[in-house]
Amino acid sequence: MFRKVPVWAWLAAAALVNVLLVLMVRVPSWSNREPSRQSLPQLWLLDPLIVMSAVVFLFLLVRAVTKKLPKKRSSEPSRNASEPGSRTMMVTSKEWLWAVDTAGIITHSSPMCQQLTGYTPEELTGSPISLVLDPRDLASVWRPDADNGAESYFDGVTLACRHRDGTLVVMDVSGHTVYDASGLAIGFEGMARPSTATGDTALDAERSLVLGVISSQALVTAFQPLLCIRTGRTLGVEALSRFPGAATTSPEAWFTRAETVGLGIELELLALRTALQTATKLPGEFSMAVNLSPSACLDQRIQDALAGAAINPNRLSLELTERQEVLDYEQLAAAVAPLRAKGVHLVVDDAGAGFASMRHIMKLDPEVIKVDRSIIKGIDLQASNRALAASMVSFATEIGASVTAEGVETAAELQVITELGMSAAQGYFLGKPSTQPTDWIKWAGLPRS
């Protein structure tokens with residue numbers, strides 16, 4: 001409060017106070033006394049000195065207070081933000097600068113975003129960061145500062161960002177928490193640049209990294225619960241791959257990197273086999289959903305792994321991811337037909353984003369439609385998101401499919417999708433992914449409120 005008062009105002013106030021004091025001495029009616037004739041010259045001589053000394057004293061006091069307050073309030077936050085901020089200022093033409101508030105809404109986007117994501121800065125500003133970057137991937141590599149636990153940063157991590165056309169772009173991302181003068185976190189800022197290797201030597205290095213993961217089977221399966229909205233019971237789980245030995249690279253970025261070097265199906269096959277093996281530890285009534293790209297579904301090795309799974313086919317769901325565009329729907333439908341005949345359910349994942357459009361749904365005729373998290377995010381606040389989700393529920397009802405919401409993060413979002421008539425939901429608000437069998441057993445317990 002004191003810092004906002006200009007110095008001249010303090011000087012004027014001090015001068016006014018001193019003038020009033022002098023007048024009280026000089027004007028008899030104010031003080032009800034008359035100064036003696038002998039003391040009158042001395043008083044008038046001392047008055048200016050008193051006024052000047054009082055003004056100087058107050059001026060120095062105010063300057064000392066105003067200089068001390070900013071250091072006391074913001075010394076720690078400014079130190080926290082200075083080091084990551086210096087990285088952000090080192091901008092080249094290939095870097096995309098962005099900033100988001102604590103609600104995940106993009107507040108700034110540099111022009112480079114259009115080349116990397118397909119969106120203009122005007123389109124991204126005001127939109128949720130989940131439009132181009134999965135918050136779950138970002139959370140998996142977020143780490144606290146060693147000196148101040150209140151700050152968070154991420155430096156040199158590899159994430160898969162979603163392009164406007166639905167494809168995924170691997171980027172190296174750095175950023176940090178932004179604080180106001182009082183030390184309150186008000187958002188995040190950072191920069192991203194393309195991480196796709198160029199040149200034969202670089203591609204060989206990328207290929208070696210992916211081959212190392214495949215040969216060492218360096219991934220594990222985490223399960224995230226899927227809840228029935230009506231009863232609150234856990235219906236099943238979604239299998240999610242995790243790479244413990246590569247904490248700074250998101251799982252999605254690993255699959256995109258593998259696809260770039262021609263090893264996408266091999267990595268998907270490893271993830272599928274790991275998930276099917278881990279599923280034997282699930283409670284007997286749980287179903288399990290596995291993610292596969294359209295091209296992987298055409299590979300005979302994938303078909304053999306699914307056909308030989310220990311889990312009952314009617315407890316297995318196949319989620320078609322949006323990493324690739326489907327060029328031949330008839331071929332894809334024919335490939336999954338034998339699995340569906342055995343009881344495997346087909347799920348269209350990420351509906352409403354990328355290639356998972358209404359055409360995608362109509363051609364595949366799935367049992368389940370999964371609404372993308374970018375639509376669920378803030379659905380209680382965005383009328384357009386709510387309208388789009390409602391149309392999907394209506395469409396699913398007409399074709400006899402159920403609708404699942406993914407990425408539910410708040411009670412308000414859960415309330416809205418319940419009112420819209422969605423049948424199931426998953427998200428951090430309902431249950432985080434876990435690699436611990438003890439958590440899977442807990443999910444099989446009592447219904448959740």
Undergrad: Please examine the side chains of L430 and L414, heavy atoms only from C-beta on, and report whether any two atoms are closer than 4.5 Å.
TA: yes
Undergrad: What heavy-atom pair brings C113 and W96 nearest, and what distance separates the two atoms?
TA: CB-NE1, 3.2 Å
Undergrad: Between S394 (side chain) and A390 (backbone), is there a donor-acceptor pair under 3.5 Å?
TA: no
Undergrad: Any donor and acceptor pair, going by atom type alone, linking the side chain of E123 with main-chain N or O of T120 inside 3.5 Å?
TA: yes
Undergrad: So, do N385 and I376 sit near enough that their side-chain heavy atoms are less than 4.5 Å apart?
TA: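 Not in contact.
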Undergrad: What distance do S295 atom OG and I265 atom CD1 have between them, rounded to the nearest 0.5 Å?
TA: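 S295 OG to I265 CD1: 4.5 Å, rounded to 0.5 Å.
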Undergrad: So which heavy atom on V237 is nearest to which on P225, and how close?
TA: CG1-CA, 4.2 Å
Undergrad: Answer yes or no: is there a side-chain heavy-atom contact under 4.5 Å between H345 and S287?
TA: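 When only atoms from C-beta onward are counted, S287 and H345 do not touch, as no gap falls below 4.5 Å.
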Undergrad: Please find the pair of heavy atoms, one from A279 and one from M288, that lie closest to each other, and give the distance.
TA: CB-SD, 3.5 Å
Undergrad: Are a donor atom and an acceptor atom from the side chains of N291 and E238 found within less than 3.5 Å of each other?
TA: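 Yes, because at least one side-chain N or O of N291 sits under 3.5 Å from a partner of the opposite role on E238.
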Undergrad: Evaluate the criterion side-chain contact (heavy atoms from CB on, under 4.5 Å) for residue pair L292 and E319; output intermediate values, then yes/no.
TA: CA-CA 6 Å; L292 288 173; E319 292 191 11; over 6 Å; no
Undergrad: Quick one: which residue pairs count as a ring-ring contact (aromatic ring centres under 6.0 Å, His included) with a foot in residues 210-238, not counting sequence neighbours?
TA: F223-W440
Undergrad: With side chains defined as the heavy atoms from C-beta onward, is the minimum distance between R233 and L227 less than 4.5 Å?
TA: no
Undergrad: Is there a donor-acceptor pair under 3.5 Å between the side chain of T234 and the backbone N or O of G236?
TA: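 No, the answer is negative, given that no donor and acceptor are paired below the 3.5 Å cut-off.
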Undergrad: Sequence neighbours excluded and cut-off under 3.5 Å, please list the side-chain donor-acceptor pairs for residues 300-313, or say none.
TA:
unit_1, atom_1, unit_2, atom_2, d
Q300, NE2, D304, OD1, 2.8
R301, NE, D299, OD1, 3.0
R301, NH2, E266, OE2, 3.3
R301, NH2, D299, OD2, 3.3
Q303, NE2, C297, O, 2.6
Q303, NE2, A335, O, 3.2
N312, OD1, N314, N, 3.1
N312, OD1, N314, ND2, 3.4

Undergrad: Go through L124 and V132 one step at a time and tell me if the side-chain contact (heavy atoms from CB on, under 4.5 Å) criterion holds.
TA: CA-CA 9 Å; L124 285 184; V132 292; 4.0 Å; yes
Undergrad: Does any N or O in the side chain of T125 come within less than 3.5 Å of the main-chain N or O of E122, such that one atom is a donor and the other an acceptor?
TA: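 No: the side chain of T125 does not pair with the backbone of E122.
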Undergrad: Within the 4.5 Å heavy-atom criterion, are L235 and C228 side-chain neighbours or not?
TA: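 The answer is yes; the side chains approach within 4.5 Å.
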Undergrad: Using the ring of each side chain (for Trp, its six-membered ring), is F255 parallel, tilted or perpendicular to F243, with breaks at 30° and 60°?
TA: perpendicular
Undergrad: Pairing donors with acceptors under 3.5 angstrom, does anything connect the side chains of E189 and H176?
TA: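 A donor-acceptor contact under 3.5 Å links the two side chains.
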Undergrad: Measure across P244 and A218 and return the closest heavy-atom pair with its distance rounded to 0.1 Å.
TA: CD-O, 4.1 Å
Undergrad: Indicate yes or no: at least one non-hydrogen side-chain atom of L332 is less than 4.5 angstrom from one of L320.
TA: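 Yes; the side chains approach each other to less than 4.5 Å.
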Undergrad: Could you verify whether a donor N or O on one side chain and an acceptor N or O on the other, from S110 and W98, lie under 3.5 Å apart?
TA: no
Undergrad: Quick one: list whatever passes side-chain contact (heavy atoms from CB on, under 4.5 Å) with A389, sequence neighbours left out.
TA: I375, I379, L420, M422
Undergrad: Please check if the side chain of T280 supplies one atom and the backbone of L276 the other of a donor-acceptor pair under 3.5 Å.
TA: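 Flag not set: sc T280 to bb L276 has no pair under 3.5 Å.
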Undergrad: So does A222 get a backbone contact from the side chain of R242, meaning a donor-acceptor N/O pair under 3.5 Å?
TA: no
Undergrad: Please name the pair of heavy atoms, one in A401 and one in P366, separated by the smallest distance, quoted to 0.1 Å.
TA: CB-O, 3.6 Å
Undergrad: Quick one: are L226 and W443 in side-chain contact, heavy atoms under 4.5 Å?
TA: no
Undergrad: Is the shortest heavy-atom distance from the side chain of V348 to the side chain of V368 under 4.5 Å?
TA: no
Undergrad: With a 3.5 Å distance limit and no angle check, can you tell me whether T278 reaches the backbone of T221 through a side-chain donor-acceptor pair?
TA: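 Side chain of T278 to backbone of T221, a donor-acceptor pair under 3.5 Å: no, none is there.
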Undergrad: Taking atom types as modelled and ignoring hydrogens, do the side chains of Q277 and T274 form a donor-acceptor contact shorter than 3.5 angstrom?
TA: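 Absent: no donor and acceptor within the cut-off.
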Undergrad: Do Q426 and K370 meet the criterion of a side-chain donor-acceptor pair at a distance under 3.5 Å?
TA: yes
Undergrad: Run the side-chain contact (heavy atoms from CB on, under 4.5 Å) test on T404 and I369 for me, step by step, so that the C-alpha distance in whole Å, both residues' side-chain angles and the decisive distance to 0.1 Å come before the verdict.
TA: CA-CA 6 Å; T404 296; I369 299 173; over 6 Å; no
Undergrad: Please round to the nearest 0.5 Å and tell me the distance separating atom CD of Q114 and atom CE of M112.
TA: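 It is 10.5 Å, given to the nearest 0.5 Å.
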Undergrad: When rounded to the nearest 0.5 angstrom, what distance separates CG in D349 from CG in D372?
TA: 7.5 Å
Undergrad: As an exercise, state the distance from CD of E406 to NZ of K377, rounded to the nearest 0.5 Å.
TA: 14.0 Å
Undergrad: Can a donor-acceptor pair be found, under 3.5 Å and without considering hydrogens, that links the side chain of R315 to the backbone of F286?
TA: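 Yes; at least one donor-acceptor contact below 3.5 Å.
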Undergrad: Strictly distance-based, threshold 3.5 Å: is any side-chain N or O of S423 a donor or acceptor partner for the main-chain N or O of V403?
TA: yes
Undergrad: Using every non-hydrogen atom in the two residues, find where V290 and A239 come nearest and quote the distance to one decimal.
TA: CG1-CB, 4.3 Å
Undergrad: First locate atom CD1 of I399, then atom CD of E367, and finally report the distance between them rounded to the nearest 0.5 Å.
TA: 10.0 Å
Undergrad: Between M191, R193, E95, which is the residue that forms a side-chain contact (heavy atoms from CB on, under 4.5 Å) with D172?
TA: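 Going through the options one by one, the only one that passes is R193.
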Undergrad: Applying side-chain contact (heavy atoms from CB on, under 4.5 Å) to Q331 and L298, what does each step give before you reach the verdict?
TA: CA-CA 8 Å; Q331 184 183 19; L298 302 177; 3.9 Å; yes
Undergrad: State whether the side chain of E268 and the backbone N or O of S293 hold a donor-acceptor pair below 3.5 Å, judged by distance alone.
TA: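 Such a contact is found between E268 side chain and S293 backbone.
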Undergrad: Enter the distance from L219:CG to W254:CH2 here, rounded to the nearest 0.5 Å.
TA: 10.0 Å
Undergrad: Run R257 and E252 through salt bridge (charged side-chain N to carboxylate O under 4.0 Å, His left out) and show every step you take.
TA: CA-CA 9 Å; R257 174 183 285 174; E252 197 63 53; over 6 Å; no
